[in-house]
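Worksheet: one structure, shown below.
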Amino acid sequence: MVSALRIRPIKIRFCMNTKLAKICFIALFFCSQVSVAQNTANSRYIWVGDLTLNSLHDFSDALKNSKMVTAIEFRKSSGAAASAGIIVKEIESQIEMKKLKTFARGQCASACANAFLLGEERTLLPSMDTTPTHLMLHAQRSNQTGEINYGATDQLFKKIVAKSKGKITLAFLEKMYEAKNSGGGLYILREAKATNDGISQIFFCTGEEKELRRPCEAIKGLKPQDLGISIAE
């Protein structure tokens with residue numbers, strides 16, 4: 001990542017709609033998708049790639065077949081291309097019933113980030129490839145018009161605040177409403193990155209950074225741990 005945190009557009013499947021969207025992304029972040037899920041060591045379910053109805057079915061089956069699963073580890077996920085609301089709701093239900101912890105490696109964006117933040121405990125792990133471990137959060141928008149769905153987004157915000165025991169505030173999440181398009185949102189990085197204004201782990205992008213030739217805004221003095229998100233090896 002360049003020191004000024006210049007961003008460039010990539011194509012990525014977005015959580016709340018079915019179309020491919022261009023988003024402004026922090027440099028050296030790349031999208032890598034693999035639609036494979038597996039259970040490791042009987043205690044942590046490894047969910048690799050986008051959240052789909054098929055991978056949700058695999059996840060549900062794994063929980064039915066093993067009472068030893070205590071956590072979900074999301075890897076390399078750009079979110080859900082379709083049925084995001086249904087998928088996140090079902091993951092939330094399983095988390096509530098089984099008190100599941102959540103982990104993330106590499107990219108965990110959109111629906112993945114929402115599901116991650118609903119975990120009983122939330123932990124960012126080292127990346128297994130060149131994509132730094134990070135969360136990307138954005139407001140829910142209409143597939144047809146791009147308008148923000150404030151009702152659904154506010155409801156999700158309240159759940160995330162509750163899970164963090166107030167460490168993640170509504171004011172912090174509502175920063176997403178300042179985004180100019182579906183490419184804008186909040187980025188939470190496992191490793192700190194250098195910017196012109198110093199070191200930071202949390203950034204806000206409007207989605208217009210490329211056109212305006214400016215970096216994303218660093219949110220200073222805030223770390224994942226301050227938001228109730230642990231860092232582990």
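All values below come from the heavy atoms of this structure, side chains included, with hydrogens, waters and symmetry mates left out.
Aromatic rings from F74 and F103 are positioned such that their centres are separated by 6.0 Å or more.
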Show me the donor-acceptor pairs, under 3.5 Å and distance only, between side chains in residues 222-233 and residues at least two apart or in other chains.
{"unit_1": "D226", "atom_1": "OD2", "unit_2": "K223", "atom_2": "N", "d": "2.8"}
{"unit_1": "E233", "atom_1": "OE2", "unit_2": "R190", "atom_2": "NH2", "d": "3.2"}

Enumerate, atom names and distances included, each donor-acceptor pair closer than 3.5 Å involving a side-chain atom of residues 94-102, sequence neighbours excluded.
{"unit_1": "Q94", "atom_1": "NE2", "unit_2": "E90", "atom_2": "OE2", "d": "3.1"}
{"unit_1": "E96", "atom_1": "OE2", "unit_2": "K163", "atom_2": "NZ", "d": "2.7"}
{"unit_1": "T102", "atom_1": "OG1", "unit_2": "F116", "atom_2": "O", "d": "2.6"}
{"unit_1": "T102", "atom_1": "OG1", "unit_2": "E121", "atom_2": "O", "d": "3.4"}

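For the ring pair (Phe, Tyr, Trp, His ring centres under 6.0 Å) test, residues two or more places apart in sequence or in another chain that qualify with F157 are Y177. The side chain to side chain contact (heavy atoms under 4.5 Å, CB included) search around A162 returns none, not counting sequence neighbours. Applying the side-chain hydrogen bond (donor to acceptor under 3.5 Å, both in side chains) rule to T206 yields the partners E209; only residues at least two apart in sequence or on another chain are considered. With sequence neighbours left out, the side chain to side chain contact (heavy atoms under 4.5 Å, CB included) criterion links K159 to E92, L118, Q155.
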Using the rule given for side chain to side chain contact (heavy atoms under 4.5 Å, CB included), can you reason through K220 versus S200, listing the C-alpha separation, both sets of side-chain angles and the distance that settles it, and then say yes or no? CA-CA 6 Å; K220 303 175 186 177; S200 186; 5.6 Å; no
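By the 4.5 Å heavy-atom criterion applied to side chains, C205 and E217 are not counted as neighbours. In this structure the side chain of I168 reaches within 4.5 angstrom of the side chain of L117, judged on heavy atoms. Side chains of E191 and Q201 form no contact here, defined as non-hydrogen atoms less than 4.5 Å apart.
Between R105 and E73 there is a salt bridge, with a side-chain nitrogen of the basic residue lying less than 4.0 Å from a carboxylate oxygen of the acidic one. At a threshold of 4.0 Å, the pair D50-K76 does not count as salt-bridged, since none of the basic side-chain nitrogens sits closer than that to a carboxylate oxygen. E211 and K180 are not joined by a salt bridge, as no carboxylate oxygen comes within less than 4.0 angstrom of a charged side-chain nitrogen.
The two atoms that bring R122 and S164 nearest to each other are NH2-CA, 4.0 Å, heavy atoms only. Among all heavy-atom pairs drawn from A113 and L135, the shortest one is CB-CB, 4.2 Å.
With 3.5 Å as the limit, one finds no donor-acceptor pair spanning the side chains of W47 and S77.
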